[in-house]
Amino acid sequence: MDHPRLSRPFILKLTVSIIVLVLLLQYWLLQASWYRDYQNTQSISLHQLAGNATLGFGAILAVTPHSPPERTSWRKAGMQQAASFNGLDIGYPRQPQWNESDTERLAANSPDGEPKGGAAKAWLGHLYTLQQATEHRTALIFEDDVDWDVAIREQSVAVAEAIWDLTHPHDDEQDKVLNEESDAPYGLSWDVLWLGHCGSSLPREDDEAAQITSFTDTTLPPIVKTSIPQLIENPTHQRYVYRTGSPICSFAYAVTQAAARSIVERASAGQAVAFDVWMHFACERGELRCYAVNPELFHQHEMAGPHDSIINGVDQGTVVEARRTMNIRYSARCNADLGGSMEQPVTCSGEPA
Ligand SMILES: *[C@@H]1O[C@H](CO)[C@@H](O)[C@H](O)[C@H]1NC(C)=O
Ligand SMILES: *[C@@H]1O[C@H](CO)[C@@H](O)[C@H](O)[C@H]1NC(C)=O
């Protein structure tokens, strides 16, 4: 039988064409899809780490007094419940029982004897917890009445990405720092991430040197108690992240190891009415590189009854009608306590749902 024969030049051309095609295909795959996907998964998975049980930090540490009075025992108990609701891993370093000589030492450098009383004890509590934080590359510090949204583990991922972008503005730096900061979802080019506060102004709009970014966050509460116009009227649900000097209230903040050491060293000299005020001024003077999230991710929970604070004690003047966490849409404490679920969360923001 006779087979049709292909001419030698034809076979040669065909072979060359196939080789060229295969090479082109390979080049295109490498450049366009495989390589870029690979790069993306590298940075996506890095920020995804911020959704782990310690929200991407080396540890979460709570500032809890040695032996809190019965009327404030709900603070730590509620935090433990909320933590197990969200699968968070929180450490509770056991503080010493502070006495007069400890608080007097803290106030010794201040002409008017500040900090005093509860504020001094709270300050010592922060210092003690920060001392524990120096054992970790980064740590998130919680005051013991702090609360968060049930969606915290998604919120933190978006915030990590925003912090990373703000602190690494130049693309060409990314590869360089990726080596040193490869398992630090927020990077390490900051001192304090002020994630829970009771007020922090945004940079002025005409400030061209301002470091600010924002992203759409559908988990924001419908009403935010604040004096900042952009947050009151916020139809596109923007959460802002920016370099700041102005926050107040140390509900929740993260520190790097170096920052924890430096704060312990410097804040042990007292010289302010309260710890958050000290840190506010250190941020304002640029001694610490501070970044804030606004609206905040963490806010204090308040029980019904007279307002009660570790710093000021019971304040009979302010009565909280129903337990609440302002500026948090679905409080983890309330959901853990009142039988809410991720699918059907309850709200206790102090506002109608
Ligand atoms: C969460 O991720 C951070 C950053 O990689 C890491 O240091 C920390 O140990 C992780 N937490 C847990 C509970 O695995
Ligand atoms: C106060 O507590 C410290 C430890 O925190 C202790 O060394 C000191 O002896 C105590 N002072 C008094 C007067 O009890």
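In listed order, ligands and their atoms are each counted from 1.
- Think of Ile19 as one node in a network of Ile, Leu, Val, Met, Phe, Trp and Tyr side chains linked at under 4.5 Å; its network also takes in Leu23.
- Between His126 and Phe275, the angle of the ring planes stays under 30°, which puts this pair in the parallel group of the 30/60° scheme.
- Residues Arg75 and Glu143 are not paired through a salt bridge, judged by the lack of any N-O separation under 4.0 Å between the basic side chain and the carboxylate.
- Shown in contact with Thr54 at under 4.0 Å from a heavy atom are these atoms of ligand 1, numbered in order with element: 1 (C), 8 (C), 10 (C), 11 (N), 12 (C), 13 (C).
- Comparing Leu46, Asn52, Asp183 by heavy-atom distance to atom 10 (C) of ligand 1, the nearest is Asn52.
- Which parts of ligand 1 touch Leu49 is read off a 4.0 Å heavy-atom cut-off, strictly below it: atoms 5 (O).
- Ring geometry, Phe298 versus Trp148: the interplanar angle exceeds 60°, so the pair is classed perpendicular (tilted spans 30 to 60°).
- Only the side chain of Pro185 comes within 4.0 Å of ligand 1, judged by heavy-atom distances.
- In Glu265, the CD atom is not crowded: 12 or fewer heavy atoms of neighbouring residues, nucleotides or ligands sit closer than 6.0 Å.
- Short contacts between ligand 1 and Phe57, defined as distances under 4.0 Å to a heavy atom of the residue, involve ligand atoms 3 (C), 6 (C), 7 (O), 8 (C).
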